[in-house]
Amino acid sequence: MADVAGGTLTALLNAISAVAGLGTAAMGLVDSSKAIMGGPSNFGFGHIKRAVTPFINGAGTAFTATQIEHTLKANWLNGVATADQKAKAKSLIHLGLAPGTAETLAKAAGVDAAKLTSLATKLATGAEASQDEINVLGQFDAVVSAVLDDAYERGDQIYRNACKLLSMAVSTVLAVVAGWAIAGGADYFTTSKFPIALIVGLGATPLAPVAKDLASALQTAANAVGTVKRKAGS
C-alpha cells in the first residue's frame, strides 16, 4: 500500500513539474516576443498616454508633445524603474510650464490659472514669486503626482494581466498541440484527452510560480501522514 501511495505521489509531483514547465515555457515565449516592436510591453502605456496628454499638449519648450510621449514610451518599453519613470514624466511636464502654457496646465490640474500664469512669468524673468504662487505650484505638483501614480499603477496592472492572459493562451495551444501529437488520430478532439489538454494548458501559467512550493507542501504532507500512520500501527 505504501509503495502504491508513494508511486502516486511521485506521479503527481512529476505532473506538477511538467505542467509548471509548460507554464514557464509559455511565459518565456511571451517575454521573447517583446523583441518585435515591444510586443506585450505596449500594453498599459495607453493609460499613461491619456493621463499625461492634458499636461503636455502645447509644451512650452522645443521638446514637443510627441517627443515627450516617445520618451515616456521608450522608458516604459525598456522597463525602467517605475519611480524613475514617474520622476521623468513629472520633470518633462514641469519643463513645459511657461507663460503661454500655464493656463492650459492649470485647467488640467484644477488650480488657479491666474496665479500659475503669474508664477510662470516670474520664473521666466527671474522675479521673486509670492507665497500664494508657490502654494499654487505645490498644489499643481500634488495633482500631477497623483495623476502619474494612478496612470503608472493602472498601466502596470494592465501590462501584467495581459502578459498572464497571453501566457495562458500560448500554454493552452502548446498543450493541445502536444496532446494531438501524442494521441494522434482525427478523433482526438472528441476524446477525453482534448479537455484534459485544455485544463493542463489553462492551469500551466498560474501554476508555474508556485509549483516548487506546492510540490514541497505535498511532499511534507505525505511524510507527515506516513509518520502518523506508522505511529498508529506500532
Side-chain angles (χ1 to χ4, degrees), residues 27 30-167 209:
M27 288 188 286
V30 171
D31 189 66
S32 64
S33 69
K34 294 177 182 178
I36 305 173
M37 299 181 69
S41 293
N42 288 284
F43 289 112
F45 183 74
H47 196 82
I48 297 169
K49 179 181 177 180
R50 288 191 296 272
V52 301
T53 293
F55 296 96
I56 63 175
N57 276 342
T61 66
F63 209 47
T64 66
T66 300
Q67 290 172 315
I68 292 174
E69 180 188 326
H70 287 171
T71 299
L72 297 180
K73 188 171 185 178
N75 289 335
W76 176 259
L77 293 178
N78 286 328
V80 175
T82 302
D84 293 339
Q85 291 190 61
K86 292 178 185 177
K88 176 63 70 62
K90 189 173 182 180
S91 296
L92 291 173
I93 290 172
H94 266 243
L95 285 175
L97 179 60
T101 61
E103 184 174 355
T104 300
L105 291 174
K107 289 180 179 178
V111 299
D112 191 302
K115 291 180 180 178
L116 191 63
T117 302
S118 175
L119 173 66
T121 302
K122 289 181 178 180
L123 291 175
T125 59
E128 185 177 352
S130 67
Q131 186 60 48
D132 284 346
E133 292 166 344
I134 294 174
N135 291 340
V136 168
L137 180 61
Q139 294 170 10
F140 178 77
D141 282 346
V143 172
V144 171
S145 294
V147 169
L148 292 177
D149 283 341
D150 174 72
Y152 276 93
E153 292 305 319
R154 293 190 64 181
D156 185 61
Q157 182 185 36
I158 292 171
Y159 162 72
R160 287 185 284 106
N161 290 340
C163 285
K164 289 176 183 177
L165 287 175
L166 283 175
S167 296

CG-CZ distance between Leu166 and Phe43, expressed to the nearest 0.5 angstrom: 5.0 Å
Filter on salt bridge (Lys or Arg N to Asp or Glu O under 4.0 Å), then keep only pairs touching residues 82-101, sequence neighbours left out; what's left? Lys86-Asp149, Lys86-Glu153
Looking at CD of Glu133 and NZ of Lys122, how far apart are the two atoms once the value is rounded to the nearest 0.5 Å? 3.5 Å
When you measure from the side chain of Ser145 to the backbone N and O of Ala142, does any donor-acceptor pair fall under 3.5 Å? no
Taking salt bridge (Lys or Arg N to Asp or Glu O under 4.0 Å) as the definition, give me every residue that meets it alongside Asp31, ordered by chain and number, with sequence neighbours left out. Lys34
Under the 3.5 angstrom rule, does the side chain of Gln85 hit a backbone N or O of Val80 as a donor-acceptor pair? yes
Check: Asn57 and Thr101 side chains under 4.5 Å, non-hydrogen atoms: no
Which atoms form the tightest heavy-atom contact between Tyr152 and Ala89, and what is the distance? OH-CB, 4.1 Å
Just to verify, what does Thr53 make a side chain to side chain donor-acceptor pair (under 3.5 Å) with, not counting sequence neighbours? none
What residues, two or more places apart in sequence or in another chain, satisfy side chain to side chain donor-acceptor pair (under 3.5 Å) together with Gln131? Asn135
Just how far is it from atom CD1 of Ile93 to atom CG of Leu105, taken to the nearest 0.5 Å? 8.0 Å
Of all residues at least two apart in sequence or in a different chain, which pass the side chain to side chain contact (heavy atoms under 4.5 Å, CB included) check with Ala146? none
List for me each residue that meets side chain to side chain contact (heavy atoms under 4.5 Å, CB included) alongside Thr104, sequence neighbours excluded, and say none if there are none. none
Results of side chain to side chain contact (heavy atoms under 4.5 Å, CB included) for Ala151 - residues two or more places apart only: His47, Ile48, Ala51
Does the side chain of Leu137 come within less than 4.5 Å of His94's, by heavy atoms? yes
Where does the angle between the aromatic ring planes of Phe140 and Phe55 fall among parallel (under 30°), tilted (30 to 60°) and perpendicular (over 60°)? perpendicular
Below 4.5 Å, heavy atoms only, C-beta onward: do Val143 and Gln139 meet side chain to side chain? no
Going by the rule side chain to side chain contact (heavy atoms under 4.5 Å, CB included), which residues pair with Ala102 if we only count those two or more places apart in sequence or in a different chain? Leu97, Leu116, Thr117, Ala120
Report the distance from atom OG1 of Thr82 to atom CG of Asn75, rounding to the nearest 0.5 Å. 11.0 Å
Between Leu119 and Ala129 the two heavy atoms that sit nearest each other are CD1-CB, 3.5 Å
Is the backbone of Cys163 close enough, under 3.5 Å, to the side chain of Ser167 for a donor and an acceptor to pair up by distance? yes
With rounding to the nearest 0.5 angstrom, report the CD to CG distance, Glu128 to Leu123. 11.5 Å
Name all pairs fulfilling the salt bridge (Lys or Arg N to Asp or Glu O under 4.0 Å) condition that reach into residues 158-167, sequence neighbours left out, sorted by first residue then second. Asp156-Arg160
Any salt bridge (Lys or Arg N to Asp or Glu O under 4.0 Å) pairs touching residues 66-82, not counting sequence neighbours? Lys49-Glu69
Residue set satisfying side chain to side chain donor-acceptor pair (under 3.5 Å) with Asn161, at least two apart, ordered chain then number -> none
Taking only residues two or more places apart in sequence or in another chain, which ones pass salt bridge (Lys or Arg N to Asp or Glu O under 4.0 Å) with Asp112? none
Backbone N or O of Gly39 within a donor-acceptor pair of the Asn42 side chain at under 3.5 Å? yes
Over all atoms of both residues, closest heavy-atom pair of Tyr159 and Ser41: CE1-CA, 3.8 Å
Determine, stepwise, if the pair Val52 / Ile68 fulfils side chain to side chain contact (heavy atoms under 4.5 Å, CB included). CA-CA 10 Å; Val52 301; Ile68 292 174; over 6 Å; no
Where is the tightest heavy-atom contact between Ile56 and Ala65, given as atom of each residue plus distance? O-CB, 3.3 Å
